[in-house]
There are 2 protein chains.
Amino acid sequence: MEIREIFAHNLRALRKTKGLSQEELAHEAGLDRTYISSLERQIYGASIDVVDRIAKGLAVEAADLLRCPEAEATK
Amino acid sequence: MEIREIFAHNLRALRKTKGLSQEELAHEAGLDRTYISSLERQIYGASIDVVDRIAKGLAVEAADLLRCPEAEATK
DNA sequence: TTGTGACTTTAAGTCCGTG
DNA sequence: CCACGGACTTAAAGTCACA
């Protein structure tokens, strides 16, 4: 499983959980709306700086965004 | 605490634990020798692709490299 | 509310070397 | 074995108008 896929999935899932739109999250994280969109569609491999800013916007830990549900199985 | 700092610390600590040189890890992860050095000195903020490749080279999860020991306190 | 293409600027990442 | 430098190529960061 690609790390981008894991990140994109966790990002979208957590954003929905918090009830935020891409626009609202973008504002919280100090990023552009379309950039969040790009990350969710796996256009880019985000840098850890961006992961951190998004994590703060979602009020979670950076590590949570890279955590794979099936980590124990794929290791 | 900066995410780069956390990453750099975890990277160096885990690499030492595994008994690998920067050169050996670079080879394992398919990265440049000097780049690993740069990451440990916090010159660059790595992309999640690089985090993932390094994690594989160290035989750990990507999330482990971004995990902060004092996460609960700094949140 | 989100996806997408086009675009420019900045930083990542490689490869050569040195002490 | 590692810190550090210069020069280089590629990918990400960041913004916009439009569907």
Side-chain angles (χ1 to χ4, degrees), chain A residues 1-69, chain B residues 1-69 74-75:
Chain A
M1 192 165 186
E2 289 282 338
I3 189 79
R4 290 188 185 198
E5 200 177 338
I6 297 169
F7 175 68
H9 181 267
N10 287 337
L11 168 54
R12 179 158 288 183
L14 283 168
R15 182 173 61 80
K16 294 284 185 183
T17 299
K18 304 288 177 178
L20 295 171
S21 67
Q22 291 180 347
E23 212 160 352
E24 288 167 329
L25 174 57
H27 181 71
E28 289 293 326
L31 296 167
D32 193 78
R33 171 189 71 78
T34 64
Y35 183 55
I36 300 287
S37 174
S38 297
L39 291 178
E40 291 191 357
R41 286 177 293 121
Q42 302 170 44
I43 303 297
Y44 300 130
S47 72
I48 59 174
D49 291 335
V50 167
V51 172
D52 190 50
R53 285 159 73 181
I54 291 176
K56 283 181 171 58
L58 290 170
V60 296
E61 290 176 51
D64 291 333
L65 288 168
L66 297 188
R67 187 164 297 129
C68 183
Chain B
M1 190 165 187
E2 290 281 338
I3 189 78
R4 291 188 185 197
E5 200 178 338
I6 298 170
F7 175 68
H9 181 268
N10 288 336
L11 168 55
R12 178 158 289 183
L14 283 168
R15 182 174 63 78
K16 293 284 186 184
T17 299
K18 304 288 176 177
L20 295 170
S21 69
Q22 292 178 346
E23 235 158 335
E24 289 169 328
L25 174 57
H27 181 71
E28 290 292 327
L31 294 168
D32 193 76
R33 168 184 67 82
T34 65
Y35 184 54
I36 299 289
S37 173
S38 297
L39 291 178
E40 292 190 357
R41 285 177 293 124
Q42 302 172 44
I43 304 296
Y44 297 131
S47 72
I48 59 174
D49 291 334
V50 166
V51 172
D52 189 50
R53 286 158 74 181
I54 291 176
K56 284 181 171 57
L58 290 171
V60 297
E61 290 176 52
D64 290 334
L65 289 168
L66 296 187
R67 187 165 295 129
C68 183
T74 26
K75 216 187 324 181

Heavy atoms from other residues, nucleotides or ligands near CD of B:Gln42 exceed 12 (cutoff 6.0 Å):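 Atom CD in B:Gln42 is packed in, count exceeds 12.
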
Heavy atoms from other residues, nucleotides or ligands near CD of A:Glu2 exceed 12 (cutoff 6.0 Å):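 No, the 6.0 Å shell around CD holds no more than 12 heavy atoms from other groups.
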
Whichever of B:Asp49 and B:Ile43 has its nearest DNA chain D nucleotide further upstream toward 5': B:Ile43

Earlier contact from the 5' end, DNA chain D, for A:Leu39 and B:Leu20: B:Leu20

Report yes if at least one side-chain N or O of [X] is closer than 4.0 Å to OP1 or OP2 of [N]; otherwise report no.
X       : N     : value
A:Arg41 : C:dG5 : no
A:Arg15 : C:dT1 : no
B:Arg12 : D:dA3 : yes

Residue A:Ser37, side-chain atoms from C-beta onward, closest of C:dG3, C:dT2, D:dC2: C:dG3

Would you mind reading off the distance between [X] atom [atom1] and [N] atom [atom2], rounded to a whole angstrom?
X       : N      : atom1 : atom2 : result
B:Gln22 : D:dC1  : CD    : P     : 10 Å
B:His27 : D:dC1  : NE2   : P     : 14 Å
B:Glu40 : D:dC4  : CD    : P     : 12 Å
A:Leu11 : C:dG3  : CG    : P     : 11 Å
A:Ile54 : D:dA12 : CD1   : P     : 14 Å
A:Ile36 : D:dT15 : CD1   : P     : 12 Å

Contact state string [nucleotides 14-19 of chain C, B base, S sugar-phosphate only, - no protein heavy atom under 4.0 Å]: SBBB--

Check side-chain hydrogen bond (donor to acceptor under 3.5 Å, both in side chains) between [X] and all other residues, then give those that pass, not counting sequence neighbours.
X       : answer
B:Arg41 : B:Ser37
B:Lys56 : B:Asp52
A:Ser38 : none
A:Arg53 : none

Salt bridge (Lys or Arg N to Asp or Glu O under 4.0 Å) involving A:Arg33 - partner list, sequence neighbours excluded: none

